[in-house]
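Okay, so here's the structure we're looking at.
No experiment lies behind these values; they were computed from the predicted model shown. The first residue in the sequence is number 1, and the count goes up from there.
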Amino acid sequence: MFSLEEFVSKTLKLLEKERETEIEETRILTEKLPAKELQRRGVCLLKLKISSRRSGLYGRTVITFEPNHGDLPSHNLTPGDIVGLNPSTGDSQSESLGSGIVTRSSTSAVSVAFDDSQDLFSLNDDGLYKLTKLANDVTYKRLKRALGDLVKLHSGPASYLVDVLFGQQELSPSGKEIVIDFVNSSLDQSQKEAVRFALQQREVAIVHGPPGTGKTTTVIEIILQSVKQGLKVLACAPSNIAVDNLVERLADHKQRIVRIGHPARVLPHIQKYSLDALLSSSEDTRLVEDVRKELDSSLSSLKKTRDRGEKQRLREDMKHLRKELMQREQTATRDILKRANVVLVTLTSATEDGPMKLLNEEHFDLVVIDECSQALEAACWIALLRAPKCVLAGDHLQLPPTILSKEAAKDGLEVTLMERVLKLYCDRVMKMLTCQYRMNELIMQWSSDQLYQGKLVADESVRHHLLRDLPSVTECEETSIPLMFIDTAGCELRELDLPEEISKGNEGEADIVAAYVEKLISCGLSPEDIAVIAPYNLQVELIRLRLSQQYPKLEVKSVDGFQGREKEAVVISFVRSNPKGEVGFLAENRRINVAITRARRHLCVIGDSETVSHDKFLKTLVEYLTTKGEVQTAHQYIDVVSVNQGTVPLPEHLSDLMSLRKTTTEKGAKPKTNYQEKRLRKQNDGKEKHIASSFHETATNSGQTRKDGDNFEDDEKVQEYQILLETFINNNGQEVIEFSPSLSSHERYIIHVLSEKLGLLHCSKGVDEERHIVVRKPGTRENDSETRGSYQTTRTAVKSNHADPLKLEKNKTPQIDKSIKNDVQSIRDQNQSVTGDSSEPVLPVKKSDKVACAYCGKDVIKANFQLHELHCARKEKQDQHSQNAGTLKSQEQSKARKEKSKIPNVVEKLEKIDNDDFEALIATVQTFDGSCCFRKCKTPTATLGYTCEFCQGRFCLSHHIPEVHGCGDAAKAAARAVINKEGVLSRGSAKNRHSDAEKKIKLQKKLDNKLSKMAEKRKGKQK
């Protein structure tokens, strides 16, 4: 436990680290990237002109900027952001003209409020300017000042509270019990106990509210009961959204409330409770408006006059008017704040440099901090120094405050005041809410057992509610269950192999998320009632690419961006899937707790059970989902996703990230997956949407087929193909029938089932887009390769009705073992009928207690035969995938070489022209000689061009390099010949890599001198 002085000293150092990290990230963004790139990223607006100026509250000047032409480009500047103003011309280091806060933002204009301390009269209305989003240093200064006030505090209303919270004084005994007439009569027993406990405590009370337990409702009741006792309450929260939520709740009870804060940061529908709105309707408003009009008039005159003396006089008048305006506004503001029962403000705005300075230090009797577990402790002390008692509400088992510096967070900056006080006093200062009103009981139970000692109880109104209970939602498998787990283990849906500093993504999981969301929407669920949550920002973007354009009201956010929210259905993508079992910051228990507890009626988790189970906490979640919910394998979504969506094109910035993927796999890593090959084959097929609904579904644990399997024969496609195959059987002159490569996965499945039913043999032939199904009559002779292909294809088709054999090898059940055994036996029977030769059967040959494997031919003990055969099947499948991947890659490379080397051949063109047509020959030669010979490039080369010494073609300056236009091999051979013949080494070759020691010392001295000069220049710049 730290003393007060130790806490302040350590926190100041950690805040300094956090500030340095924030500044460095902003500097890297603004200095190393050009202005156009910053504008493309949405943090900068270029070539803006001033459209209007006006005066605002407390002497602020509001300037509206609009683009020089057309509308503003897409940007991230929102009301409340701090922006810097610079001339649009020049580099990013040009002199700053000031900084302000965005008050309004639209597609056509941006309004920025500047303080009176900044001289903006010299801005030219005809000039062009740029706005750049800045890091907020105001918050850091306020936190530093609050810690300084804390360590200097020796008297005042909060002096005893400070000693108690640092363990230097004992807690005072609770006050006597009081009879409470609850304003909200619907409070449950735990909420009423928390209200009573908070009112009886003398220094500090903590309301621990797990997800969905009505924490804010309890806080509102505490505030209302305190007002009934005649107390003045200061209500705070770390974010503007949380404060506005309190304002909305209190407004329903018609209390005298005031919301302090910049008007741009207050929600529009509650602005009538803001200080600005209350000032505009006060008795002193008329005088204030007269002064403001006179100020605007002087400002207009200042812009028109060119006389220096007149400008000076007008500026002096404006200073006096501003002073008078501020005095009158301060008087009106003080009266409004004193009459209010509850003042609401964010933690970092409850400082002495705002309206709060107009109140006495003993004005407030109680400080209430909602969402205390999401605020830095230093921020809490800004408000706590104003009252002798505090009530802290939050959940320290959800996400902590956002901290950029990992080092500062690790050293203790993320430890909140709520956590520290609970560790100091435990249950002596805390009451926990236990009845939750959000989640279905099964969604709630895992979180309750793992983090809340199993104390949470679902209210009867939500205990069993499901999606099917909502209006217009039809009953199906997804809407009739609360928990769904889609396991990608064994499906090779690996995360993107990107550098460590780049966010993580998983395209396979993103495709499955899109398919599952569409399935929910097809069941009647509105996109507004669905949320998709991913722990990584890159995955959020990948999912948005697939869904946001079609469903703009669907929310796709990170875990951090969805805290405090809830939706009827939530789909979570865990992203991580790698051979090493690395889970990254998924190992943060609080982050997973937040993600899981956002769902009300339905929760779907998509992830690799093998990877995430390396973390003990996540393993308990996987086991719970497997036990209490429905489990599906990702196999049943792969074909649907491949056919319906293909490959989603990525935007530029994501394409750049994807280019960083490693081209070589790690040692022991598996080759390109069947899923990836299917996507490449089917990305341009344009299949119909009904595949998703007709796709054969599988229950992983039970081995059962889809629920509509009984209606299989009613399908029109089934009847169509059954008639076709029966006609083929009756035709004695036809022994083989080949189907089109464009068949869908559902149609291939139909042919497989009917062939099995009618006793026909079937296999796949061809590669990539030419791959198709071939059906033969029994007894038809084939060569060995075709027979083996039929064997493997039949086996794969049969196994598609069951779980992945790679998973079965690890997690077998007797029911699945039996189905595998039947499949293997049926495959052996078919292979014997394929060969048609009883003297050389394909069935296993018994040798005493051993059986011969049909794959490798080895004799295997009977007890081990099944696992051995599964192992051989997996190995052959991997070899086939590797071979297909290599063939595909070589074809692509060959195609690329051919495309690249398609340089127009002058000789071929000349041969096509009649020898007697001399003018045509001259014109053709001149045409080729006057333009670039590179394919599809028509750049003139008569003036600027280069003739290649290897192919004698003339190229433009963009394509003259031999490696670009296809003569790279010839250039390398020529360079090697020169080196071998003359012994000439180019710069950077082996013998030139190391300079002599003397030259190295000179270069080092030169570098040191340059660095010292640059350092001196940096030190000389002062604001």
Side-chain angles (χ1 to χ4, degrees), residues 485-516 532-547 556-560 571-588 591-592 595 604-615 617-619 621-622 625 632-635 637-638 641-642 645 647-651 653-680 804 806-807 878 881 885:
F485 179 52
I486 300 177
D487 192 359
T488 66
C491 300
E492 296 300 324
L493 303 185
R494 295 301 190 190
E495 64 192 59
L496 295 175
D497 191 7
L498 299 174
E500 288 298 326
E501 64 272 12
I502 297 177
S503 182
K504 299 294 182 182
N506 190 317
E507 292 186 275
E509 284 192 18
D511 289 337
I512 295 175
V513 167
Y516 195 82
V532 179
I533 298 177
Y536 294 93
N537 291 328
L538 177 56
Q539 185 72 352
V540 170
E541 291 209 42
L542 292 174
I543 295 172
R544 282 177 178 168
L545 286 172
R546 290 156 171 79
L547 293 171
V556 183
K557 291 187 176 181
S558 63
V559 181
D560 302 57
V571 181
I572 302 174
S573 171
F574 274 169
V575 180
R576 302 310 298 263
S577 176
N578 53 75
K580 297 180 180 179
E582 296 176 350
V583 296
F585 65 81
L586 281 183
E588 172 57 63
R591 179 166 277 104
I592 300 301
C604 174
V605 177
I606 301 169
D608 186 339
S609 60
E610 292 184 3
T611 298
V612 300
S613 292
H614 282 76
D615 180 77
F617 187 73
L618 289 172
K619 185 178 181 180
L621 175 60
V622 171
L625 292 172
Q632 293 180 351
T633 177
H635 277 295
Y637 291 88
I638 289 176
V641 168
S642 301
Q645 296 179 355
T647 302
V648 179
L650 300 177
H653 65 288
L654 286 184
S655 298
D656 295 340
L657 292 181
M658 299 312 162
S659 66
L660 297 175
R661 294 180 62 179
K662 297 178 182 177
T663 56
T664 57
T665 56
E666 298 178 2
K667 185 178 179 180
K670 297 183 179 180
K672 181 178 286 188
T673 63
N674 189 35
Y675 165 70
Q676 293 169 318
E677 292 177 19
K678 287 180 179 179
R679 289 187 64 182
L680 289 173
D804 181 23
L806 303 182
K807 289 186 64 180
Q878 290 178 353
H881 287 172

Should [X] and [Y] count as side-chain neighbours, where that means a heavy-atom distance under 4.5 Å?
X: Val513; Y: Val556; value: no
X: Arg546; Y: Asp511; value: yes
X: Ile592; Y: Leu621; value: yes

Checking the side chain of [X] only, and the main-chain atoms of [Y] only, is there a donor and an acceptor separated by less than 3.5 Å?
X: Glu509; Y: Val575; answer: yes
X: Arg591; Y: Pro535; answer: no
X: Thr611; Y: Asn578; answer: yes
X: Gln539; Y: Asn506; answer: yes

- Start with the C-alpha distance between Asp615 and Leu586, add both sets of side-chain angles, then the distance that settles side-chain contact (heavy atoms from CB on, under 4.5 Å), and finish with yes or no. CA-CA 9 Å; Asp615 180 77; Leu586 281 183; over 6 Å; no
- With Ser577, which residues qualify under side-chain hydrogen bond (donor to acceptor under 3.5 Å, both in side chains), at least two apart? Arg494, Asp608
- Item | Results of ring pair (Phe, Tyr, Trp, His ring centres under 6.0 Å) for Phe574 - residues two or more places apart only | none
- Query: In Å and rounded to the nearest 0.5 Å, what is the CD1 to CD1 distance from Ile606 to Ile486?
  - Reply: 4.5 Å
- Message: Nearest 0.5 Å, please: how far is CG in Leu542 from OG in Ser573?
- Response: 9.0 Å
